[in-house]
Amino acid sequence: VLGIIITEVYGSGRAKLVLWSTLGCELFFAIIVYALLLLPAPKYWQHDADYHFVFGPIIHFVLSGVISVLISNTVSIYMLSRLKYLLTGKFFCLRMIFASAIGGLTMVMLIVLLVYMPLVGFDKSIVLAKSIYIIELIYTLVLSVPAWLIANILKNAEGINIIEKNIKFNPFIINLT
């Protein structure tokens, strides 16, 4: 939802910048946790195997998450920006719901494919994907009006309303307009 608000108020370039900053922090966190796993446990610590069981695959999870978040948020940013241009900035709630639904579906499919399917199999992954997606849709619907209010407050306070004509889908191209 924050990415949607940032895209709406400040444009796709700023949203991509925030996205890359977030992914960088997530990777940094994973590297720190992985480095901590390499350190020897104190002699009094009896749960070293449990700790490694929980945090051992963090690099796989984070890299899968980074790929999924990068692709799905790029889709959301592009969809919202493109719809804002096509609808001349009107119908924020509908644009938000549509962009979030498409981006969320992309994320759920990628996360299930990269993380859950190898662990729990196809049938359980499908059930999990449906559950996650339904929860995501509900939270998008619930937060659409507060997001609209926040976006309008920010646009009015800052005196801006960026409507981009030539939006680049490429997440590596960041235009700060």
Side-chain angles (χ1 to χ4, degrees), residues 1-38 55-87 89 92-118 129 132-133 135-137 139-140 143-144 146-155 157-177:
V1 173
L2 289 176
I4 294 286
I5 294 171
I6 292 168
T7 303
E8 177 70 14
V9 176
Y10 301 105
S12 64
R14 300 252 186 242
K16 288 179 188 178
L17 192 61
V18 170
L19 172 62
W20 278 108
S21 300
T22 303
L23 295 177
C25 290
E26 191 175 344
L27 283 171
F28 180 70
F29 172 75
I31 291 167
I32 295 290
V33 170
Y34 185 74
L36 291 173
L37 287 173
L38 297 176
F55 291 107
I58 192 162
I59 297 295
H60 169 77
F61 290 148
V62 168
L63 288 177
S64 299
V66 164
I67 291 166
S68 301
V69 168
L70 177 63
I71 293 170
S72 66
N73 283 1
T74 300
V75 168
S76 291
I77 290 167
Y78 179 80
M79 295 296 296
L80 187 73
S81 297
R82 192 73 186 136
L83 288 171
K84 185 175 184 179
Y85 172 74
L86 292 173
L87 298 173
F92 172 76
C93 288
L94 292 176
R95 290 185 289 114
M96 176 195 165
I97 291 167
F98 184 75
S100 294
I102 300 299
L105 182 61
T106 305
M107 180 182 290
V108 168
M109 289 186 323
L110 288 169
I111 287 289
V112 165
L113 180 67
L114 296 172
V115 175
Y116 294 116
M117 201 171 296
I132 293 170
Y133 190 61
I135 291 168
E136 188 165 325
L137 285 178
Y139 118 63
T140 298
L143 293 177
S144 63
W148 172 74
L149 290 170
I150 292 168
N152 280 334
I153 289 168
L154 287 171
K155 284 194 270 190
E158 306 246 358
I160 58 175
N161 187 18
I162 297 173
I163 298 179
E164 301 166 285
K165 183 177 181 178
N166 297 318
I167 303 118
K168 304 292 183 204
F169 184 73
N170 188 340
F172 302 104
I173 297 175
I174 299 175
N175 270 339
L176 298 178
T177 54

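The residues of the chain are indexed from 1 along the displayed sequence.
Across Ile132 and Tyr116, no two heavy atoms sit closer than the pair CD1-CE1, 4.4 Å. The heavy-atom pair separating Ala15 from Ile77 by the smallest distance is CB-CD1, 3.7 Å. Annotation for Leu105 and Tyr133: closest pair N-CE1, 3.3 Å, computed over non-hydrogen atoms.
Without hydrogens or angle criteria, Glu164 side chain to Gly11 main chain gives no donor-acceptor distance under 3.5 Å. Within the 3.5 Å criterion, the main-chain N or O of Ile162 finds a donor-acceptor partner in the side chain of Lys84.
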Between Val62 and Tyr34, does a side chain to side chain contact (heavy atoms under 4.5 Å, CB included) hold up when you go through it step by step?
CA-CA 11 Å; Val62 168; Tyr34 185 74; over 6 Å; no
Tell me, with the steps shown, if Trp20 and Leu70 meet side chain to side chain contact (heavy atoms under 4.5 Å, CB included).
CA-CA 8 Å; Trp20 278 108; Leu70 177 63; 3.7 Å; yes
Run Thr7 and Ser81 through side chain to side chain contact (heavy atoms under 4.5 Å, CB included) and show every step you take.
CA-CA 7 Å; Thr7 303; Ser81 297; 3.3 Å; yes
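Under the 4.5 Å side-chain criterion, counting only non-hydrogen atoms from C-beta, Phe61 is not in contact with Leu114. For the pair Leu154 and Tyr10, the minimum side-chain heavy-atom distance is below 4.5 Å.
Atom CG of Leu19 and atom CG of Asn73 lie 5.0 Å apart (nearest 0.5 Å). Once rounded to the nearest 0.5 Å, the distance linking CE of Met109 with OG of Ser68 reads 10.0 Å.
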Just distance, no hydrogens or angles: give the donor-acceptor pairs under 3.5 Å from side chains in residues 94-103, sequence neighbours left out.
unit_1	atom_1	unit_2	atom_2	d
Arg95	NE	Lys90	O	2.8
Arg95	NH1	Glu8	OE1	2.8
Arg95	NH2	Glu8	OE1	3.2
Arg95	NH2	Glu8	OE2	3.1
Arg95	NH2	Gly89	O	3.4
Ser100	OG	Met96	O	2.9

Table please: side-chain donor-acceptor pairs of residues 21-31 below 3.5 Å, with sequence neighbours left out.
unit_1	atom_1	unit_2	atom_2	d
Ser21	OG	Leu17	O	2.9
Thr22	OG1	Val18	O	2.8

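No option in Ile160, Ile4, Ile153 other than Ile160 meets the side chain to side chain contact (heavy atoms under 4.5 Å, CB included) test with Val9.
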